[in-house]
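We name chains A, B, ... by the order of the sequence lines, and we start the count at 1 in each one. Quick caveat, the model's predicted, so the values are computed rather than measured.
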2 protein chains.
Amino acid sequence: MNESLDQLVTLFKALADPTRLRMVGLLAERERCGRDLASVLHVSPATVSHHLKLLRRAGLVAESRKQPYTFYALDHRVLQDAVRDMVDTEKVQEIAAGSGLPEEKRKVLRNFFDGPRLISIPAQRRKKEIVFEELLRRLPRRKEYEEKQLSRFIEAIHPDFCTIRREFIMGRYMEREDGRYRLTEKGRAAIAEGR
Amino acid sequence: MNESLDQLVTLFKALADPTRLRMVGLLAERERCGRDLASVLHVSPATVSHHLKLLRRAGLVAESRKQPYTFYALDHRVLQDAVRDMVDTEKVQEIAAGSGLPEEKRKVLRNFFDGPRLISIPAQRRKKEIVFEELLRRLPRRKEYEEKQLSRFIEAIHPDFCTIRREFIMGRYMEREDGRYRLTEKGRAAIAEGR
DNA sequence: TCATTGATTAGATAGCTATCTAATCAATGA
DNA sequence: TCATTGATTAGATAGCTATCTAATCAATGA
């Protein structure tokens, strides 16, 4: 799940340096030996070797030994695959998601939320739980909320603030006293744990 | 000319860190405020602020203030444009080229070389000069070359090694003594300067 | 066998960077 | 007016990294 994140980071790290990026450009043009690269880039052969190691690690170079030279060329595939992922918004989302919540929660949240707004209140107990904990997380953090204030916050996410406010109490995420609402221990834990 | 290299490096640097890459993923999903990002990513708000600065610098985020929050969202355009450049081999070549040789030389070399091989020997004096200096650069570096050896090296690049070998002498890039060839001062300068 | 030559590795170093805590800022609501 | 809250900045620090020189390796040709 996290592999793809690490792999992408390795790739972007490889490209995140002017010398290496120029190397990539040079190798895209034609294969070149290390000595040539060093002289074109005005760095020492040792430095070229160092950069090649990082490019290799990212899977960007193909090499062929022809004594006394080693010729390096760009392997476009890795670059193109990765780069295509970044154009696809869905794929980009997965990068973050993969290393965050477990599959189940992500799916539920995706189904019931439309960006900032809740589409509908789930009926199933488990799904309801996931959604309500997310709602909790999205509230501005206050030591306590007045009923009117809390309702306003909820309304920004879903019109039926009455039901949701009531569910917060019934689910023991919040407790109410004198018309004031406060997070319970369980509520605070859900916020912290969820993410 | 170099702007595009620097811009790309800035972009890849922005993406070359697991925390930031996850931020990009999260912001691709929907806009989020700083506090949320901090809690999802398990880092301090200060760290989020730091990363946002780098993402902003790369042109990756759009923000909208809604007291007391600032909401950040991914601006896909920059990412997609840049990333598309990397899929296009020609564009990638330009990255390196732009920050190397002047326009004229690049054009001549592109026209007369097909990767590792010389297509034809230019007739125009200026173009000939550019091409011969490139040939010189591509020879294995030796203190001196025997005629046969030199011919073999040249032949790997173009079949008419006789003409080219002769031109090396006539252009004063090399001098010949006892059937042995050596680079002149001018020859060495051309190699060093050219790149 | 030894000198040459391209590539890599080891070791050093200056400069960068991800992260934190603490301080400050800016807006809000009590 | 003051406490709260989210965001940013200042300053510190541990760890990373681009680069170099020097040493070593590996193949070749004299």
Side-chain angles (χ1 to χ4, degrees), chain A residues 9-10 12-23 31-39 41-58 61 63-72 137-146 148-150 152-153 180 182-183, chain B residues 9-10 12-23 31-39 41-58 61 63-72 137-146 148-150 152-153 180 182-183:
Chain A
V9 170
T10 304
F12 289 129
K13 268 197 158 68
L15 299 171
D17 172 273
T19 306
R20 279 197 297 275
L21 199 49
R22 291 185 57 204
M23 276 173 85
E31 62 172 17
R32 289 169 199 254
C33 63
R35 185 178 60 75
D36 279 5
L37 287 171
S39 94
L41 298 166
H42 299 295
V43 294
S44 73
T47 301
V48 167
S49 233
H50 162 74
H51 286 308
L52 280 169
K53 193 156 57 183
L54 300 195
L55 293 177
R56 236 182 256 127
R57 186 169 304 165
V61 290
E63 42 201 282
S64 64
R65 193 107 232 279
K66 288 169 204 157
Q67 276 293 347
Y69 303 110
T70 306
F71 285 92
Y72 309 92
R137 255 171 247 126
R138 297 195 183 189
L139 291 181
R141 208 74 9 115
R142 291 292 125 86
K143 275 197 188 139
E144 53 177 40
Y145 306 80
E146 283 185 58
K148 226 170 97 184
Q149 187 186 33
L150 181 59
R152 229 184 322 118
F153 287 148
R180 291 232 172 75
R182 282 170 170 279
L183 284 172
Chain B
V9 170
T10 304
F12 289 130
K13 268 197 160 67
L15 299 171
D17 172 272
T19 305
R20 277 197 298 273
L21 199 50
R22 292 185 57 205
M23 276 173 84
E31 62 171 16
R32 288 168 200 254
C33 64
R35 185 178 59 76
D36 278 5
L37 288 171
S39 93
L41 298 165
H42 298 295
V43 295
S44 73
T47 302
V48 167
S49 231
H50 162 73
H51 287 308
L52 280 169
K53 193 156 57 185
L54 300 194
L55 293 178
R56 234 181 258 129
R57 187 171 303 164
V61 291
E63 43 201 281
S64 65
R65 195 103 231 278
K66 288 169 204 158
Q67 275 294 346
Y69 303 111
T70 307
F71 285 93
Y72 308 93
R137 257 171 246 127
R138 296 195 183 190
L139 292 180
R141 210 70 15 109
R142 292 291 125 87
K143 277 197 184 139
E144 53 177 41
Y145 305 80
E146 283 186 58
K148 228 170 94 184
Q149 185 187 37
L150 181 60
R152 231 183 324 116
F153 287 149
R180 291 234 172 72
R182 283 170 169 278
L183 283 172

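- In this structure Ser44(B) satisfies the side chain to side chain contact (heavy atoms under 4.5 Å, CB included) test together with Ala46(B), Thr47(B), sequence neighbours excluded.
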Table of protein N/O atoms under 3.5 Å from nucleotides 23-30 of chain D N/O atoms:
residue : atom : partner  : partner atom : Å
dA27(D) : O4'  : Gln67(A) : NE2          : 3.3

Base-pair string, DNA chain D, Watson-Crick plus G-U, cut-off 3.5 Å on both distances, | for inter-strand, is ||||||||||||||||||||||||||||||

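- A search for side-chain hydrogen bond (donor to acceptor under 3.5 Å, both in side chains) contacts involving Thr19(A) returns nothing, not counting sequence neighbours.
- The side chain to side chain contact (heavy atoms under 4.5 Å, CB included) test applied to Lys66(B) returns Glu31(B), Ser64(B), Phe71(B), not counting sequence neighbours.
- Every residue two or more places apart in sequence or in another chain that forms a side chain to side chain contact (heavy atoms under 4.5 Å, CB included) with Ala14(A) is listed here: Leu55(A), Ala58(A), Leu60(A).
- In terms of the salt bridge (Lys or Arg N to Asp or Glu O under 4.0 Å) criterion, Arg57(A) has no residue partners (sequence neighbours excluded).
- Residues meeting the side-chain hydrogen bond (donor to acceptor under 3.5 Å, both in side chains) test with Glu146(A), sequence neighbours left out: none.
- Every residue two or more places apart in sequence or in another chain that forms a side-chain hydrogen bond (donor to acceptor under 3.5 Å, both in side chains) with His51(A) is listed here: Arg20(A).
- Going from atom OH of Tyr69(A) over to atom C1' of dT8(C) covers 17 Å, rounded to whole Å.
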Distances under 3.5 Å between nitrogen or oxygen atoms of protein and nucleotides 19-21 of chain C:
residue : atom : partner  : partner atom : Å
dT19(C) : OP1  : Thr19(B) : OG1          : 3.2
dT19(C) : OP2  : His51(B) : NE2          : 2.3
dC20(C) : OP2  : Ser44(B) : N            : 2.9
dC20(C) : OP2  : Ser44(B) : OG           : 3.0
dC20(C) : OP2  : Thr47(B) : OG1          : 2.5

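- The side chain to side chain contact (heavy atoms under 4.5 Å, CB included) search around Pro68(B) returns Arg142(A), not counting sequence neighbours.
- For Arg180(B), the salt bridge (Lys or Arg N to Asp or Glu O under 4.0 Å) test picks out Glu144(B), with sequence neighbours left out.
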